[in-house]
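Just follow the structure's listing: the first ligand is 1, and inside any ligand the first atom is 1. Just so you know, residue 1 is the first one in the sequence shown, and it goes up from there.
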Amino acid sequence: MEHRAFGRTGLRVPVIGMGTWQTFDVRGTVAAERRDVTDAAFETGATFFDSSPMYGEAERVLGATLEGRRARAIVATKVWTTSDAEAEQQIAAALECFGGRVDVYQVHNLAAWPRRLDRLAELRAAGLANVLGLTHYSSSAFPEILRAMQDPRVGAVQIPYNPFERAVEEEILPAAAELGLGVIIMRPLGQGRLLRQNVPADALEPLRRFGVTTWAQALLKWILSDERCHVVIPATSNASHMRMNAGAGRAPWFGPEERSYIAGLAGRL
Ligand SMILES: NC(=O)c1ccc[n+]([C@@H]2O[C@H](COP(=O)([O-])OP(=O)(O)OC[C@H]3O[C@@H](n4cnc5c(N)ncnc54)[C@H](OP(=O)(O)O)[C@@H]3O)[C@@H](O)[C@H]2O)c1
């Protein structure tokens, strides 16, 4: 697994990580089974994990699967509320799930971001958080995220990027690179939609010399071949999907020709 400098934060991150929206919002025996997915992430070196209090049980389930190996993981989670009291509850719950420390603490969807950033900065000063970040899923919020990125306390940004969602190419990725922010890519598989129709195996033939054997790997490598992106976080409930996704995390990277070839294939889905 290749690692990249996470902007100017001082962290180094594996290029493939894992999201937990929906996939880790589970209970009972299914929650225990998610340990297999986290095992696959550790086996392959994909040890960057993203969660949020918005994702139901996900923080708790992820935290349980990290038991005994928390120190080897990079945990990114979020605070997501306009209420100060609720923010305190979310923070206490996250610290409980993740061994008293969050590596990348983000303001989810910019909810009350100036106040939340003040509070996360206090946590950082107390040694309970490391890098502070911002997320948003919608291009309508990009003007605001661009403004918030200028805050010197911000070290990371999480945004959507895949062949169908390229708005971040215009201003967000250039600004993040200029500011030295760590860049986390959400929704790399378009919430799974980009995988629903199968791309024929012979269409992947020209990508084999890049180590790509599946359409999911082609999509993940398409993102990471833009080296302004530091870590992609495909979510999965399936250990073999996790292993497959991790297979996209090594050079050689695509050049402009392969990237437009893949965007063309995606356009035909
Ligand atoms: N505002 C925000 O901050 C925000 C918003 C959106 C997302 N996020 C973060 O970004 C993460 C990723 O985004 P996402 O979960 O929306 O979507 P995604 O990662 O683009 O897609 C996830 C879907 O892809 C499927 N999948 C994954 N690997 C696969 C493979 N190799 N083969 C076949 N299917 C595969 C999964 O199903 P299986 O379980 O069957 O593998 C799942 O249904 C989230 O989990 C969350 O952590 C943050």
Chemist: Taking N or O atoms only and a 3.5 Å limit, does N109 qualify as a polar contact for ligand 1?
Modeler: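 Right, the criterion is met.
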Chemist: What about L224 and L219, same hydrophobic cluster or not, with Ile/Leu/Val/Met/Phe/Trp/Tyr joined at side-chain heavy-atom distances under 4.5 Å?
Modeler: yes
Chemist: I'd like to know if R70 and D103 make a salt bridge, using a cut-off of under 4.0 Å between side-chain N and carboxylate O.
Modeler: yes
Chemist: What atoms in ligand 1 come closer than 4.0 Å to a heavy atom of D50?
Modeler: 9 (C), 46 (C), 47 (O)
Chemist: Could you list the atoms of ligand 1 found under 4.0 angstrom from a heavy atom of R187?
Modeler: 10 (O), 12 (C), 13 (O), 16 (O), 17 (O), 20 (O)
Chemist: Measuring from atom 40 (O) of ligand 1, which candidate in E165, R196, H241 has the nearest non-hydrogen atom?
Modeler: H241
Chemist: Out of K78, Q191, H108, indicate the one that has the non-hydrogen atom closest to atom 17 (O) of ligand 1.
Modeler: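 Among K78, Q191, H108, the closest heavy atom to atom 17 (O) of ligand 1 comes from Q191.
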Chemist: Give yes or no for whether the N/O distance cutoff of 3.5 Å, strictly under, is met between G19 and ligand 1.
Modeler: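 N/O-N/O distance under 3.5 Å: no.
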Chemist: A quick test of your reading: do over 12 heavy atoms of other residues, nucleotides or ligands sit less than 6.0 Å from CZ of F142?
Modeler: yes
Chemist: Would you check the N or O atoms of H136, main chain and side chain alike, for any that come under 3.5 Å of an N or O of ligand 1?
Modeler: no
Chemist: Look at the aromatic rings of F6 and H230 and report parallel, tilted or perpendicular, splitting at 30° and 60°.
Modeler: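 The rings of F6 and H230 stand perpendicular, inter-plane angle above 60°.
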Chemist: Among L110, T135, T20, V37, which residue places a heavy atom closest to atom 3 (O) of ligand 1?
Modeler: T135
Chemist: Which of the atoms in ligand 1, numbered in the order shown and given with their element, are less than 4.0 Å from a heavy-atom of P234?
Modeler: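 Atoms satisfying the 4.0 Å criterion: 19 (O).
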Chemist: Could you tell me whether R35 and E67 have a side-chain N and a carboxylate O separated by less than 4.0 Å?
Modeler: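 Here R35 does not pair with E67 in a salt bridge, since their nearest N and O are not under 4.0 Å apart.
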Chemist: Is the number of heavy atoms from other residues, nucleotides or ligands under 6.0 Å of E33 CD greater than 12?
Modeler: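 Yes, enclosed.
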Chemist: Does R193 come within less than 4.0 Å of ligand 1, judged by its heavy atoms?
Modeler: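 It does not; every heavy atom stays at 4.0 Å or beyond.
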Chemist: Tell me whether L195 has any N or O atom under 3.5 angstrom from an N or O of ligand 1.
Modeler: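 No, no N or O pair falls under 3.5 Å.
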Chemist: Could you check which of Q106, M186, Q22 puts a non-hydrogen atom nearest to atom 6 (C) of ligand 1?
Modeler: M186
Chemist: With atom 36 (C) of ligand 1 as the reference point, say which of G192, A235, S237, G247 has the nearest heavy atom.
Modeler: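 Nearest heavy atom to atom 36 (C) of ligand 1 lies in A235.
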Chemist: Counting from 1, what ligand 1 atoms have a heavy atom of A216 closer than 4.0 Å?
Modeler: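 Every atom of ligand 1 under 4.0 Å from some heavy atom of A216: 31 (N).
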Chemist: Any chance you could measure R208, atom CZ, to T213, atom OG1, to the nearest 0.5 Å?
Modeler: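 Taking CZ in R208 and OG1 in T213, the distance rounds to 6.5 Å.
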Chemist: Parallel under 30°, tilted from 30 to 60°, perpendicular over 60°: which one fits the rings of F210 and F254?
Modeler: perpendicular
Chemist: Under 4.0 Å from a heavy atom of Y55: give me the atoms of ligand 1 that qualify, with their elements.
Modeler: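 Numbered from 1, ligand 1 contributes 4 (C), 8 (N), 9 (C), 46 (C), 47 (O), 48 (C).
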Chemist: Taking atom CD of E96 as the centre, report whether more than 12 heavy atoms of other residues, nucleotides or ligands fall under 6.0 Å from it.
Modeler: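 Check fails, neighbour count at 12 or below.
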Chemist: Relative to the heavy atoms of M244, which atoms of ligand 1 are at a distance of less than 4.0 Å?
Modeler: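 Listed by number with element, the hits are 31 (N).
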